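Presented below is the structure to which this report refers.
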Amino acid sequence: MDKAGAADTLTGGPRRGRVRVRGGAPLPLLVPALIGLAFLVLPLVALLIRAPWRSMPDLLTSSEVWQALQLSLLCATAATAVSLVIGVPLAWLLARVEFPGRGLVRALVTLPLVLPPVVGGVALLMALGRNGVVGRWLDDWFGVTLPFTTAGVVVAEAFVAMPFLVISVEGTLRAADPRYEEAATTLGASRFTAFRRVTLPLIAPGIAAGAVLAWARALGEFGATITFAGNFPGRTQTMPLAVYLALQNDPEAAIALSLVLLAVSIAVLAGLRDRWMTAS
């Protein structure tokens with residue numbers, strides 16, 4: 001028996017590692033795979049080919065573009081902050097606490113991932129509009145009106161982006177060893193102190209990855225935003241809304257704005273390459 005076989009015998013099986021399939025790909029698999037790759041890549045290549053590179057500086061330095069870009073960055077960052085404040089505790093609750101109906105709660109948390117964004121915007125209007133279930137009380141008691149305001153953009157973006165953060169953090173919490181938390185509580189630390197001093201440092205990479213994903217999703221949000229917050233330049237018109245409006249009047253400007261969002265998406269993927277992509 002060679003050394004590799006002896007090692008497998010001692011460890012109870014073959015060593016874990018990357019298994020490669022030798023030989024070329026069969027034609028019935030190769031052809032649809034290449035078609036799928038072309039289907040995904042060709043639109044992005046076409047966007048680069050049709051980009052007005054010569055007029056790009058003038059298009060990207062216009063006041064309307066800068067207003068939309070600044071508003072998008074501000075609202076996406078604020079929505080991510082809201083998601084962190086309420087999403088991380090929610091992820092901890094789903095990962096660490098057993099309670100009746102936890103599966104249903106998890107399903108409701110992830111529902112915005114599959115819910116059409118326009119439907120999400122309508123739901124927000126029914127809940128937080130001036131005549132909504134909660135919005136009427138916000139208006140009567142505090143004089144707070146969320147629809148068609150910058151704050152409404154933040155709310156809409158947080159609604160669609162927070163599930164990305166919750167899923168990422170919950171997965172990280174489930175992978176983390178809970179015995180460290182338990183050891184801290186046996187030494188006299190409260191559950192909150194154990195979470196703050198022990199758990200948070202352990203799951204910090206998962207929180208960072210979830211925050212980046214939530215920020216990118218918030219930056220690209222369109223349907224819920226235009227339904228709940230409208231499309232008012234300088235107040236609620238974010239980059240995706242500006243792309244939609246420019247496509248009707250100035251296609252070159254729409255392409256330029258799309259390239260900005262494409263660059264942001266590529267930057268997000270590059271930042272998360274260690275988490276979502278593996279080396280060949």
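Only a predicted model underlies this, so the values are computations on that prediction, with no experimental measurement involved.
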Checking V97 now: which residues fulfil side-chain contact (heavy atoms from CB on, under 4.5 Å) with it, not counting sequence neighbours? W92, L93, F99

Side-chain donor-acceptor pairs of residues 63-76 under 3.5 Å, sequence neighbours excluded:
from	atom 1	to	atom 2	distance (Å)
W66	NE1	L60	O	3.2
S72	OG	A68	O	2.8
S72	OG	M239	N	2.6

Check: residues 192-199 side-chain donor-acceptor pairs under 3.5 Å, at least two apart:
from	atom 1	to	atom 2	distance (Å)
T193	OG1	S190	OG	2.8
T199	OG1	E181	OE1	3.0

In the single-linkage hydrophobic clustering (I, L, V, M, F, W, Y; side-chain heavy atoms under 4.5 Å), do V118 and L245 co-cluster? no

Considering residues at least two apart in sequence or located in another chain, which fulfil the side-chain contact (heavy atoms from CB on, under 4.5 Å) criterion with P43? none

Quick one, E170 and V109 - any side-chain contact, counting heavy atoms below 4.5 Å? no

OG1-CG distance between T145 and L138, expressed to the nearest 0.5 angstrom: 8.5 Å

Of the non-hydrogen atoms in V160 and A224, which two are nearest, and what is the gap between them? CG1-CB, 4.1 Å

Quick one: closest heavy-atom pair of T150 and T236, and the distance? N-CG2, 4.1 Å

Compile the donor-acceptor pairs under 3.5 Å between side chains in residues 204-219 and protein atoms, sequence neighbours left out, one pair per line.
from	atom 1	to	atom 2	distance (Å)
W215	NE1	T77	OG1	3.3
R217	NH1	E221	OE1	3.1
R217	NH2	E221	OE1	3.2

Rounded at 0.5 Å granularity, tell me how far CZ in R106 sits from CD1 in I167. 10.0 Å

Could you give the side-chain donor-acceptor pairs of residues 258-268 under 3.5 Å, partners two or more places apart or in another chain?
from	atom 1	to	atom 2	distance (Å)
S258	OG	A254	O	2.7
S265	OG	L261	O	3.0

For the backbone of E182 and the side chain of T185, can you confirm whether one donor and one acceptor N or O come within less than 3.5 Å of each other? yes

Suppose we screen for side-chain contact (heavy atoms from CB on, under 4.5 Å). Which residues come up paired with A151, at least two apart in sequence or across chains? L146, T149

Could you state whether L128 and W141 fall into the same hydrophobic cluster, counting links through intermediate Ile, Leu, Val, Met, Phe, Trp or Tyr residues with side-chain heavy atoms under 4.5 angstrom apart? yes

For G223 against I226, the heavy-atom pair lying closest together: O-CG2, 3.4 Å

Does one hydrophobic cluster hold both L108 and I86, with members joined at side-chain heavy-atom distances below 4.5 Å? no

Taking CZ in R191 as the centre, count heavy atoms belonging to other residues, nucleotides or ligands within less than 6.0 Å. Is the count above 12? no

Partners passing ring-ring contact (aromatic ring centres under 6.0 Å, His included) against Y244 (at least two apart in sequence or in another chain): F222

Under the side-chain contact (heavy atoms from CB on, under 4.5 Å) rule, collect the residues that match up with V41, sequence neighbours excluded. L37, V45

Mind checking what makes side chain to side chain donor-acceptor pair (under 3.5 Å) contact with R235, not counting sequence neighbours? none

Whether the side chain of S168 engages the backbone of L165 through a donor-acceptor N/O pair (distance < 3.5 Å, no angle test) should be reported. no

Gap between atom OG1 of T80 and atom CE of M162 - 0.5 Å precision: 12.0 Å

Which heavy atom in Q237 sits nearest to a heavy atom in L241, and how many Å separate them? CG-CB, 4.1 Å

Hey, quick one: are V122 and L111 part of the same hydrophobic cluster, counting side-chain heavy atoms closer than 4.5 Å, chains of contacts allowed? no

Check residues 48-59 and write down every donor-acceptor pair under 3.5 Å in which the side-chain atom is one partner and the other belongs to a residue at least two apart or another chain.
from	atom 1	to	atom 2	distance (Å)
W53	NE1	L48	O	3.1
S55	OG	P52	O	3.4

Test: side chain to side chain donor-acceptor pair (under 3.5 Å). Region: residues 117-137. Which pairs qualify, not counting sequence neighbours? R130-D139

Interatomic spacing from CZ in F159 to CG in L115 - rounded to 0.5 Å: 6.0 Å

Hey, is CZ on F232 packed in by over 12 heavy atoms from elsewhere, all under 6.0 Å? yes

Would a hydrophobic clustering, with Ile, Leu, Val, Met, Phe, Trp and Tyr connected at side-chain separations under 4.5 Å, put V134 with F142? yes

